[in-house]
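Since the model is a prediction, treat every value here as computed from it, not as a measurement. This chain uses plain numbering: 1 for the first residue, then up along the sequence. Note: hydrogens, waters and symmetry copies are ignored here, and every other heavy atom, side chains too, is used. Atoms within a ligand are numbered from 1 in the order they appear, just like the ligands themselves.
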Amino acid sequence: SFKKFDFEVGLPLDRFIKKKQDDFPYATGELSQLLRDIALAGKLVNLAISKSGLLGIEGAMGKNNVQGEAQQHLDVIANDRFINALKNGGEVAGIISEEEDNIIKVNCDGKYIVAIDPLDGSSNIDVNVSIGTIFSIYRRKSEIGGKVTKEDVLQSGNQQVAAGYLLYGSSSMLVFTTGAGVYGFTYEPSIGEFFLSHNNIQIPEKETYYSVNEGSYFNFDDSIRQYIDQCKKSGISARYIGSLVADFHRNLLKGGIYFYPRTKSYPEGKLRLCYECNALAFLVEQAGGMASNGQQRILDIKPESMHQRCPMYIGNKSMVEEVISLINEVATP
Ligand code: P6P
């Protein structure tokens, strides 16, 4: 390994968590244990994904989830893995998940709340495109030992104590922040360990990519079409994988903007505030970027319901500010 910044690249996740915990004088180790529980579930999901073609667990279950979306075998497997890991870990009082209609009450003595999209982009599994898990961690508002309440799970993103994603791809990664920078860990399956590979990630200033589903071009508002036309005129590259974590991760490392505006099919946007947008918004701000719903900072939105959707514009500050200025230009004649 070689020395880079203040951490040796190649530091195992466990050692890193311990070192970072020492930075928090009042840390009592529960958040560290919770991050370990998430990493464990990520390893198990990674294994299931890598074998899915052989185990015949690709494809749809033939039934829909609570969102009315076709549930893939791996959606259910991933949901079970994360819920079990968080249950066994004991640090979590309640979980909200894309795959579950209601709050999953886990351990009344738990200190934390987790919002999770266990497997985002799962429709890409069968064609071997990278997919991901997105998670947010909050301190519960209700009394430890008491019931988990709606207030516990409907917290604004600016209350997150940690957030991150797992990216199951050509190499699988865990990327997370505890509010003191963004750190990326690459998984070595032969050892079963995550090693620090991306130290203190900062999104490049360079406006490298724009990521949007241009198939919806004529369903977007005029301002969005105007922004897409500007991107084309500027000659920057279009990259859209159709898997949020993969698109976000590429822009985080190389510079760019991902956006999912409201459309006729998704008048509130397609992405979910609580378990997709908030985590990525926390990460991108920690990396020097910006995340907005077009009107306000994603992290300041007060959720009204667990599964609510919102439009999202996320990535380089300069690119997000530009598209917001066009949206507001049209909005205020
Ligand atoms: P569309 C996957 O279903 C997802 O939630 C994100 O991972 C992805 O960015 C988006 O939807 C793709 O949606 O409408 O462009 O196919």
Side-chain angles (χ1 to χ4, degrees), residues 45 49 52 58-61 64-76 78-79 82 96-100 115-136 163-169 172-173 175 209-221 224-225 227-228 231 238-252 256-281 283-284 289 291-294 298 306-315 319-320 323:
V45 171
I49 290 169
S52 59
E58 296 170 299
M61 300 273 288
N64 291 349
N65 64 11
V66 292
Q67 325 285 343
E69 290 161 350
Q71 222 170 9
Q72 309 289 315
H73 285 287
L74 280 166
D75 282 325
V76 175
N79 193 47
F82 278 97
I96 59 171
S97 164
E98 176 168 66
E99 300 304 327
E100 305 278 346
I116 191 162
D117 183 354
L119 203 55
D120 179 81
S122 51
S123 52
N124 293 295
I125 295 169
D126 296 359
V127 295
N128 217 7
V129 163
S130 299
I131 49 183
T133 297
I134 307 171
F135 63 89
S136 291
Y165 56 82
L166 286 125
L167 177 58
Y168 310 104
S172 292
M173 285 191 69
V175 177
Y209 298 114
Y210 74 100
S211 312
V212 64
N213 184 341
E214 298 205 43
S216 305
Y217 182 85
F218 292 105
N219 280 333
F220 292 145
D221 295 339
I224 305 304
R225 284 203 289 271
Y227 181 66
I228 292 172
C231 288
R239 286 282 188 286
Y240 191 72
I241 301 175
S243 187
L244 174 58
V245 175
D247 276 317
F248 176 82
H249 183 71
R250 182 204 51 247
N251 291 352
L252 180 69
I257 184 172
Y258 169 100
F259 48 116
Y260 206 110
R262 65 180 185 201
T263 65
K264 293 188 180 73
S265 335
Y266 293 107
E268 296 302 317
K270 179 183 184 185
L271 303 178
R272 311 285 183 173
L273 173 61
C274 291
Y275 40 78
E276 288 172 342
C277 299
N278 272 334
L280 301 185
L283 285 163
V284 85
S292 169
N293 68 352
I298 291 278
M306 302 191 303
H307 299 295
Q308 76 184 59
R309 300 176 193 267
C310 74
M312 182 158 74
Y313 306 83
I314 187 168
M319 299 180 91
V320 174
V323 68

Kindly indicate, with the supporting measurements, whether the criterion side-chain contact (heavy atoms from CB on, under 4.5 Å) is fulfilled by Ile228 and Val212. CA-CA 9 Å; Ile228 292 172; Val212 64; 3.9 Å; yes
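In this structure, Tyr275 and His307 have perpendicular ring planes: the angle between them is above 60°, well past the 30° mark.
With sequence neighbours excluded, the residues that form a side chain to side chain contact (heavy atoms under 4.5 Å, CB included) with Ser130 are Leu167, Ala246. With sequence neighbours excluded, the residues forming a side chain to side chain contact (heavy atoms under 4.5 Å, CB included) with Cys274 are Ile96, Pro303, listed by chain and number.
Applying the salt bridge (charged side-chain N to carboxylate O under 4.0 Å, His left out) rule to pairs touching residues 270-280 yields Glu69-Arg272, Glu98-Arg272, sequence neighbours excluded.
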N/O to N/O under 3.5 Å, ligand 1 against protein:
residue  : atom   : partner : partner atom : Å
ligand 1 : 3 (O)  : Lys270  : NZ           : 3.3
ligand 1 : 5 (O)  : Asp120  : OD1          : 3.4
ligand 1 : 7 (O)  : Asp120  : OD2          : 2.4
ligand 1 : 7 (O)  : Leu244  : N            : 2.7
ligand 1 : 9 (O)  : Leu244  : N            : 3.3
ligand 1 : 9 (O)  : Tyr258  : OH           : 2.8
ligand 1 : 11 (O) : Lys270  : NZ           : 3.0
ligand 1 : 13 (O) : Lys270  : NZ           : 3.0
ligand 1 : 14 (O) : Tyr260  : OH           : 2.6
ligand 1 : 15 (O) : Asn213  : ND2          : 2.9
ligand 1 : 15 (O) : Tyr240  : OH           : 2.6

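For an aromatic pair to be called close, the ring centres must be under 6.0 Å apart, and Phe82 with Phe135 fails this.
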